[in-house]
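The next block holds one structure in the form of structure tokens; read it before the comments.
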2 protein chains.
Amino acid sequence: MSNAPDLLFRTLADPTRRAIFERLCRNGEQTVGALTAWAGVSQPAVSKHLGVLKLAGLVRDRHEGRQTHYSAQLRALTPLIDWTQQMAGFWESRFDDLEDLLKRMDQ
Amino acid sequence: MSNAPDLLFRTLADPTRRAIFERLCRNGEQTVGALTAWAGVSQPAVSKHLGVLKLAGLVRDRHEGRQTHYSAQLRALTPLIDWTQQMAGFWESRFDDLEDLLKRMDQ
DNA sequence: TCGATCGATAACTCGTTGGTTATGGATTGA
DNA sequence: TCAATCCATAACCAACGAGTTATCGATCGA
């Protein structure tokens with residue numbers, strides 16, 4: 001039924017991968033090299049995490065010469081918000097602001 | 001840093017476990033037997049999932065004779081909501097710094 | 001052109017975990 | 001009291017996944 005958030009939950013479950021996504025949210029676009037220098041794992045590990053994030057739609061990549069720049073795609077979090085809202089029902093009104101924000105970014 | 005949502009993401013990443021939690025959200029309190037009859041896995045598997053959910057604070061158990069009733073604890077989802085809002089907040093603050101970034105974004 | 005750098009992929013290891021069956025303690029009902 | 005039911009735990013197994021090193025294609029600088 002709610003199969004939509006499945007990929008998101010699985011993708012964000014790993015701490016290293018989620019940390020990479022968080023950093024992209026905080027600091028904006030980063031190259032693989034920059035992310036590798038910061039994360040505590042090897043470059044192939046970072047590349048693999050970025051691949052998983054991209055499959056989940058959570059990041060975009062932009063090629064520039066021999067480097068690849070990655071940036072967060074916050075819109076991909078929408079199914080997560082929808083799922084939580086569905087579970088919580090009407091209970092949390094804090095979501096309203098976030099919904100508006102995502103709607104503004106949608107175009 | 002954002003260690004709070006880690007347990008939640010990991011706990012909700014498994015489809016079977018999340019399905020059990022969803023059912024408890026939708027249909028309210030259920031016994032282990034009722035959940036086992038509905039889920040496609042064995043009774044020990046259900047018990048184990050309920051144990052993990054309980055460790056994450058996502059369910060409560062109530063003992064009544066030889067049966068155990070489980071119910072969802074929606075308040076435990078709060079760190080998940082906070083995390084999502086925080087990610088959106090980081091995103092938004094970057095818009096504040098670069099006022100014309102929105103224009104350059106091809107979305 | 002050539003060596004160096006960047007990032008993706010391949011191949012492999014190994015710990016984690018979600019599943020199973022077996023079992024035991026506790027409670028109910030006859 | 002005693003058999004049956006409910007649920008939790010133990011023990012085990014197989015699959016998955018996150019990490020590693022090795023390597024290769026592509027691109028840049030000199």
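So that the names make sense, note that chain A is the first sequence line, chain B the second, and so on, each numbered from 1. Source: prediction; values computed, not measured.
Between A:Tyr70 and C:dC6 there is no side-chain N or O to OP1 or OP2 distance below 4.0 Å.
A:Ile20 places its CD1 atom 8 Å from the P atom of D:dG19, with the value rounded to the nearest Å. Atom CZ of B:Phe21 and atom P of C:dG18 are 16 Å apart (whole Å). Rounded to whole Å, atom P of D:dA8 lies 9 Å from atom NZ of B:Lys54. In this structure, A:Gln67 atom CD and C:dA8 atom C1' are separated by 15 Å, rounded to whole Å. Atom CG in A:Asp6 sits roughly 14 Å away from atom C1' in C:dG18 (whole-Å rounding). With rounding to whole Å, B:Leu50 atom CG is found 12 Å from C:dG19 atom P.
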Per-nucleotide protein contact string for nucleotides 21-30 of chain C, where B marks a base within reach and S marks sugar-phosphate only (heavy atoms under 4.0 Å, - for neither):
BB----BS--

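The two residues B:Pro79 and B:Arg75 come nearest to each other via the heavy atoms CD-O, 4.4 Å. Pairing each heavy atom of B:Cys25 with each of B:Leu74, the nearest pair is SG-CD2, 3.8 Å. Between B:Ala56 and B:Leu8, the shortest heavy-atom distance links the atoms O-CD2, 4.2 Å.
No donor-acceptor pair under 3.5 Å is formed between the side chain of B:Arg17 and the backbone N or O of B:Leu53.
Using a 4.5 Å heavy-atom threshold, the side chains of A:Leu80 and A:Leu12 count as touching.
Put simply, CG on A:Leu58 and CG on A:Leu24 are 10.0 Å apart, with the number rounded to the nearest 0.5 Å. For the atom pair A:Arg66 CZ and A:Thr31 OG1, the distance stands at 11.5 Å (nearest 0.5 Å). Between atom OH of residue B:Tyr70 and atom CD of residue B:Glu29 there is a gap of 11.5 Å, rounded to the nearest 0.5 Å.
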Considering only nitrogen or oxygen atoms on both sides, find all protein atoms under 3.5 Å from nucleotides 16-18 of chain D and state each distance.
from	atom 1	to	atom 2	distance (Å)
D:dA18	OP1	A:Arg17	NH2	3.4
D:dA18	OP2	A:Arg17	NH1	3.2

